[in-house]
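Any value given below was found using the heavy atoms of this structure, including those in side chains, with hydrogens, waters and symmetry copies removed. In what follows, residues are counted from 1 in the order of the sequence shown. Because the structure is predicted, anything quoted here is derived from the model rather than measured.
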Amino acid sequence: MRGQRIALRFIFFAALSMSTAGTRTLAQEGGAPPPAIPDMRWGVKIPLRDGVSLNATIFEPHAEKEPLPVIFTFTPYIGDSYLDRAMYFAQHGYVYALVDVRGRGNSGGSFEPFVNEAKDGYDVVEWLAKQSYSNGKVTMWGGSYAGFDQWTTLKEFPPHLATIVPAAAAHPGVDFPFQYNIFGPYVEQWLTFTSGVTSNANLFGAASFWRAKAREYYDRHLAFKEYDRLAGNPSAVFQKWLQHPVPDAYYDAMVPSPEQYKRIQVPILTITGHYDGDQPGAFTYYKRHMEYGTPEAKQNHFLIIGPWDHAGTRTPRRDVGGLKFGEASVLDLNKLHTEWYDWVMKNGKKPEFLKKRVAYYVVGAGAEDWKYADNLESISNHKRTLYLGSHGQAEDVFQSGALLDQPGAGSNADRWTYDPLDTRPGDREPDDDASALTSQWAVVNTYGNGAVYHSEPFGEATEVTGFLKLRIWLELDVPDSDLEAVVYEVLPGGESVFLTAATVRARYRESLRQEKLVAMGKAEEYVLDNFTFFSRRIAKGSRLRLFLHCPNAPSIEKNYNSGGVVALETAKDAKTAHVTLVHDAEHHSMLELPVVK
């Protein structure tokens, strides 16, 4: 399952963030003649404060005489990859600039991911605002890295930045280059994509090559530190990131501080999805603004959460990972962006879709639709607690433990074993699973590494919306290991649907910023509160499934359980972890569900 989650979490971070499908002409929308093809300015150079110049391609509505608001995409993926977006907005009343970040495409300077975009973004905003085609109002468009760009530019407070609309925004130190302090081989794939000055899109998309390299790293039990060389592209950035394995000052400098959140005044529209690999980043920005922002600013921050993967946060599709969502899930996000820009920068009407500050899509159990709330906290009005229990057998889906409404009798503990030298899970990991959200291969093939718990069938359809929380008591006989908790809906017919998951590296169980090795042989409480957001109406007769295990897959940095520097560990450091999950009268292990009644 970890490999499936990595595919959902990371693979869309760059490649599909470039997707520009889904644009529509006016002729398609209503039979009217399409607008004129925009005018273009090629090879425009934008000077920065340190003498470096960035490259831009600028599109203007044809023969436009009056100055207009300007939208720009700030990207390391080469501006040409967003051509269709530029054409669309230039045909809907805006000047659009495709700007290559420092060191990429035809821009000058050297590219270091996430480091320079804040000040460079400020300079781009202010330069665009002064051009003859600009009316002084500037905004940004984009998701993933281009979503991060919007937040990092905003924290510099350029006077002419009128609004931001970050979609699937990556958050350094949260979900990239690691997720909750756990790296994966994908970061080297992404660094190769953005190496040099050209696109490298074909190399990035060579899935069989990257799978083979990840599998070689996994099978040979190499140190993760050597992975960039194994892949054939030694990277100073890869090595630098490994020197910063926790969210420290290096990453803090890239994103808004609490004081900067307090100063934010511009309207913001945040977009993410249930299965967006950068959902943790998008929600981190949103939650921190809700925590530190002024009441007035928070009233102008809207949030949309669709049933989408990473790419779907810009071009929604009904089919995601083996699931098919309702027609209402396919928003025309180009149109919504235009309405938002018109509202904020042209005194237009507020987008009709934004009925309240939070819009989220509920899936499952027959009826699907958008629902609204004033804030995240008001969505669920009830908490249901399910207690983990068993009769000494919770080893797989066929001999599982239970999720009970009351603490149960029976065995006091369940046990599993994680041997870092066991490569059998890699043999069963799908190369390219188009049904990743409905697959059950991981829980059927635990290889003794994991415990499974099922609830009783639901007596009625029940909406569960929000973030789950898991409290468990674990005893380990090694100083460190990784843990993943995965939650599914098991339908009455036996089919399974992935809902959400959470991870923790044991040494960071108390703080992501400060490690504390495990007190071996002692039961300690672990609180997993980093589950991804989802909204699903659990069907009558369905059950919930909780799968707990220590991740062991080619798609992640392997933890050999020694307690040393994980990126340096190899087979010689391996320690087999014997994990005991305690659920007795003094140690209630429980899963908390946010329920809407």
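- Ser329 contributes atom OG, which lies 10.5 Å from atom CZ of Arg317 (distance to the nearest 0.5 angstrom).
- Looking only at side-chain heavy atoms (C-beta outward), Leu354 and Leu269 come within less than 4.5 Å of each other.
- A 4.5 Å side-chain heavy-atom check between Phe178 and Val187 finds every atom pair outside the cut-off.
- Cation-pi contact between Lys346 and Tyr94: present, with separation from the ring centre below 6.0 Å and deviation from the ring axis of at most 45°.
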Leu376 vs Phe283, side-chain contact (heavy atoms from CB on, under 4.5 Å): CA-CA, chis, key distance, verdict: CA-CA 11 Å; Leu376 284 174; Phe283 269 112; 3.8 Å; yes

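- The side-chain heavy atoms of Asp252 and Arg513, taken from C-beta on, include a pair separated by under 4.5 Å.
- Met254 contributes atom CE, which lies 12.0 Å from atom CG of Asp149 (distance to the nearest 0.5 angstrom).
- Of all heavy-atom pairs spanning Val362 and Ser535, the tightest one is CG2-OG, 3.2 Å.
- We find that Lys335 and Glu339 are joined by a salt bridge, their nearest charged nitrogen and carboxylate oxygen being less than 4.0 Å apart.
- Counting heavy atoms from C-beta on, the side chains of Lys225 and Phe238 never come closer than 4.5 Å.
- Checked by atom type, the side-chain pair Arg215/Ser555 shows no donor-acceptor distance below 3.5 Å.
- The CG atom of Leu303 sits 8.5 Å away from atom CE of Met290, with the distance rounded to the nearest 0.5 Å.
- Using cut-offs of 30° and 60° for the angle between ring planes, the Trp340 and Trp343 rings count as perpendicular.
- Within 6.0 Å of CZ in Arg318 there are more than 12 heavy atoms belonging to other residues, nucleotides or ligands.
- Relative ring orientation between Phe89 and Tyr341 is described as perpendicular, the plane-to-plane angle rising above 60° on a 0-90° scale split at 30° and 60°.
- A distance-only check finds no donor-acceptor pair linking the side chain of Lys356 to the backbone of Tyr372 [under 3.5 Å].
- The two residues His289 and Ala297 have their closest heavy-atom pair at NE2-CB, 3.8 Å.
- One N or O on the side chain of Thr313 and one on the backbone of His310 form a donor-acceptor pair closer than 3.5 Å.
- In terms of heavy-atom proximity, Pro61 sits nearest to Ala90 at CG-O, 3.3 Å.
- For the pair Arg314 and Tyr82, the cation does not sit on the ring face, since its NZ or CZ is not both under 6.0 Å from the ring centre and inside 45° of the axis.
- The CD1 atom of Ile556 sits 12.0 Å away from atom CD of Gln179, with the distance rounded to the nearest 0.5 Å.
- Using a 4.0 Å cut-off between a side-chain N of Lys or Arg and a carboxylate O of Asp or Glu, Glu112 and Lys240 qualify as a salt bridge.
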Passes side-chain contact (heavy atoms from CB on, under 4.5 Å), Thr198 versus Ile78? Steps please. CA-CA 7 Å; Thr198 59; Ile78 314 304; over 6 Å; no

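- A salt bridge does not link Arg288 with Glu291: every distance from a Lys NZ or Arg NE/NH1/NH2 to an Asp or Glu carboxylate oxygen is 4.0 Å or more.
- Side-chain contact check for Tyr508 versus Val246: some heavy-atom pair is nearer than 4.5 Å.
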Starting from the C-alpha separation in whole Å, work towards a yes-or-no answer on side-chain contact (heavy atoms from CB on, under 4.5 Å) for Leu336 and Ile304. CA-CA 11 Å; Leu336 182 59; Ile304 299 174; 3.4 Å; yes

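- The minimum heavy-atom distance linking Gly326 with Glu368 is given by the pair N-OE1, 2.8 Å.
- Note that the CG atom of Asp278 and the OH atom of Tyr145 stand 12.5 Å from one another [nearest 0.5 Å].
- The ring-ring contact (aromatic ring centres under 6.0 Å, His included) test with Trp241 singles out one residue from Phe176, Tyr250, Tyr251, and that residue is Phe176.
- The aromatic rings of Phe193 and Tyr77 lie parallel to each other, with less than 30° between the two planes, well short of the 60° mark.
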Can you check salt bridge (Lys or Arg N to Asp or Glu O under 4.0 Å) on Asp120 and Arg49, steps first, answer last? CA-CA 8 Å; Asp120 290 355; Arg49 67 189 74 179; over 6 Å; no

Stepwise side-chain contact (heavy atoms from CB on, under 4.5 Å) check, Asp175 with Tyr180: CA-CA 7 Å; Asp175 57 10; Tyr180 302 118; over 6 Å; no

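- For NZ of Lys130, the number of neighbouring non-hydrogen atoms (other residues, nucleotides, ligands) closer than 6.0 Å is 12 at most.
- Without hydrogens or angle criteria, Thr139 side chain to Thr163 main chain gives a donor-acceptor distance under 3.5 Å.
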Could you walk me through whether Asp50 and Arg102 pass the salt bridge (Lys or Arg N to Asp or Glu O under 4.0 Å) check? CA-CA 12 Å; Asp50 64 354; Arg102 177 188 295 252; 2.8 Å; yes

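- Nearest heavy atoms, Val363 versus Pro307: CG1-CB, 3.8 Å.
- Electrostatic pairing of Arg505 and Glu557 counts as a salt bridge here, judged by a charged N lying under 4.0 Å from a carboxylate O.
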Output, in order, the C-alpha distance, side-chain angles, deciding distance and verdict of salt bridge (Lys or Arg N to Asp or Glu O under 4.0 Å) for Lys119 and Glu156. CA-CA 7 Å; Lys119 291 181 179 179; Glu156 301 298 308; over 6 Å; no

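- The backbone N or O of Leu128 lies less than 3.5 Å from no partner atom in the side chain of Gln131, so there is not a single donor-acceptor pair.
- Between the side chain of Ser107 and the main chain of Gly103, no donor-acceptor pair closer than 3.5 Å is present.
- For the pair Lys287 and Phe467, the distance from NZ or CZ to the six-membered ring centre is under 6.0 Å and the angle to the ring normal is within 45 degrees.
- The two residues Ile46 and Ala56 have their closest heavy-atom pair at CD1-CB, 3.9 Å.
- Note: Asn334 CG to Tyr88 OH = 5.0 Å, rounded to the nearest 0.5 Å.
- Distance alone, capped at 3.5 Å, places no donor-acceptor pair between the Glu60 side chain and the Tyr133 backbone.
- At distances below 3.5 Å, at least one donor-acceptor pair connects side-chain atoms of Asn200 with backbone N or O atoms of Thr192.
- The aromatic rings of Phe74 and Phe72 lie perpendicular to each other, with more than 60° between the two planes, well past the 30° mark.
- Looking only at distances, no side-chain donor or acceptor of Thr152 sits under 3.5 Å from a matching main-chain atom of Phe148.
- The side-chain heavy atoms of Pro316 and Asp332, taken from C-beta on, include no pair separated by under 4.5 Å.
- For Asp39 (side chain) and Ala63 (main-chain N/O), a donor-acceptor pair under 3.5 Å exists by modelled atom type.
- Between His171 and Tyr285, the ring-plane angle classifies as tilted under the 30° and 60° cut-offs.
- When side chains are defined from C-beta on, Phe224 counts as touching Phe183, because their heavy atoms get closer than 4.5 Å.
- One finds a salt bridge joining Lys324 and Asp319 here, because a Lys/Arg side-chain nitrogen approaches an Asp/Glu carboxylate oxygen to under 4.0 Å.
- Between the side chain of His274 and the main chain of Tyr361, a donor-acceptor pair closer than 3.5 Å is present.
- Note: Phe353 and Trp370 meet the aromatic proximity criterion, with ring centroids under 6.0 Å apart.
- A heavy-atom distance below 4.5 Å is found between the side chains of Pro234 and Arg229.
- In this model, a donor atom of one side chain and an acceptor atom of the other lie less than 3.5 Å apart for Asn233 and Ser195.
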